[in-house]
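FYI, side chains are in, hydrogens and waters are out, and symmetry mates aren't considered; it's all heavy atoms of this structure.
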Amino acid sequence: MDFTDQLLHWYQKNKRDLPWRNTTNAYYIWLSEIILQQTRVEQGTPYYEAFIENFPTLKDLATANEDAVLKLWQGLGYYSRARNLHAAAKTIYFDLNNRFPEKYSDIIQLKGIGPYTAAAIASFAFKETVAVVDGNVFRVLARFFGIYEDTAVAKNRTIFQNLANELISKKEPDLFNHAIMDFGAMVCLPANPKCSTCIFNVNCVAFLRNETSILPTKNKKISIKNRYLNYLILRKNHEIVIQQRTEKDIWQQLFELPLIETPSNNEEKLFTDLSNRFPNSTIKKVTANSIKHKLSHQQLHINFYEIDIAAFAPNQQKVSLNDLHKYAYPIVIWNFLKDFFKLEKN
DNA sequence: AACGCGGGGTC
DNA sequence: GACCCAGCGTT
């Protein structure tokens, strides 16, 4: 048996039973694929369930407002996925007469859909013979065939794409794509792969050369920068001020509190500035130690300052504590608010 | 071609 | 800490 037949045989016995595999509904498959971009199945599954519950049809998603979509996405990260998902739903519903495109070349035109996601939808929903190439596929192919090219380099992607397109089952492209990803997620793991029981251990290049720890090759250098975020709880009785982020920065379109970002953790200067800005208020730092929150490229140091004010400014968006839960926040902010104000809801 | 974008899990 | 996860859009 060749690689493809062995893999399909393995899949038949070991496949995971995942909710989006019990449908050929392109909308549901698309939804699952967007949610799962750079996201583990265990983390994404509850969000998938919530989305199909709240937006059972593509029309429901297309006609929702963006804030509602973001609220449902709260905590999942990479929020542009939610905004692009919503934009693409509107495109399909309003511009394409509610017909989901059925070919890879058309699917990939939609916002938020790249080569991986287009291949996934085209094969799973429409049985098109086009191979998915994701982190799992890089790993399985690099190890089995001994491919040393750096997967972080864009042009090397075609090596893997072409190989996968040769290997894919022409009869069951959807099963092959599921199979190779399941295999990468269950056997050919990033660290400590299960080689001793692997069906390919007699002819896997990486295993035979004892190179599973260096394959696939991936040289990605990312620099982490520190940011110091000081949030103001501007409070009058049961109302506080919130605002929506807009700039090209993290957490676009999500809500937060009035923010003072400083180049370093200079508490004295911040207190001086706040005292000048709120001369008649008591300013209380409510985070004993700054909250540390790590993003992929940033280390955040977050503090909250409670300030009772006499009146809200006309340009400020005030919200009752009872309504705070209606807005989408970065999860680190929401967790703080929930705890600080003893809120129950999501 | 390189970088920015979240949050959580694993080792 | 470092790395990874059903990647994509922007520059």
*Output yes when at least one side-chain N/O atom of A:Q37 is less than 4.0 Å from OP1 or OP2 of C:dC5, else no.*
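It does not, given that no N or O in the side chain of A:Q37 lies less than 4.0 Å from OP1 or OP2 of C:dC5.
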Specify the separation, in whole Å, of atom [atom1] of [X] and atom [atom2] of [N].
X	N	atom1	atom2	answer
A:N84	C:dG9	CG	P	6 Å
A:I331	B:dG9	CD1	C1'	16 Å
A:L31	C:dG7	CG	P	16 Å
A:I113	C:dA6	CD1	C1'	13 Å
A:Q43	B:dG7	CD	P	10 Å
A:H297	C:dG9	NE2	C1'	14 Å
A:I291	B:dG7	CD1	P	13 Å

Just checking [X]: base, sugar-phosphate only, or nothing, at a heavy-atom cut-off of under 4.0 Å?
X	value
A:G75	sugar-phosphate
A:S32	nothing
A:L76	base
A:L18	base
A:W20	base
A:S296	base
A:V41	base

*Using 30° and 60° as the class limits, which term best fits the ring planes of A:F336 and A:F304: parallel, tilted or perpendicular?*
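Plane angle under 30°, so parallel.
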Answer yes or no: side-chain N or O of [X] and base N or O of [N] forming a donor-acceptor pair under 3.5 Å.
X	N	result
A:T39	B:dG8	no
A:R16	C:dA6	yes
A:R40	C:dC4	yes

*Electrostatic pair A:K71:A:D67 at N-O distance under 4.0 angstrom*: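 Salt bridge flag = no for A:D67 with A:K71.
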_Charged N-O contact under 4.0 Å between A:R99 and A:D106_ =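 Salt bridge between A:R99 and A:D106, a charged N being under 4.0 Å from a carboxylate O: no.
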When rounded to the nearest Å, what value does the distance between [atom1] atoms of [N] and [M] take?
N	M	atom1	answer
C:dG9	B:dG8	C1'	23 Å
C:dA6	B:dC3	P	24 Å
B:dG9	C:dC8	C1'	22 Å

*Quick one: on DNA chain C, does A:K248 or A:P190 contact a more 5' nucleotide (nearest heavy atom)?*
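Looking at DNA chain C, the more 5' nearest nucleotide goes with A:P190.
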_Positive for side chain to side chain donor-acceptor pair (under 3.5 Å) with A:H178, one of A:R16, A:R21, A:K15_ =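 Testing each of A:R16, A:R21, A:K15 against A:H178, the sole residue satisfying side chain to side chain donor-acceptor pair (under 3.5 Å) is A:R21.
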*Give a yes or no on whether the backbone of A:L324 and the side-chain of A:Y329 come within a donor-acceptor separation of less than 3.5 Å.*
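Confirmed, A:Y329 side chain pairs with A:L324 backbone.
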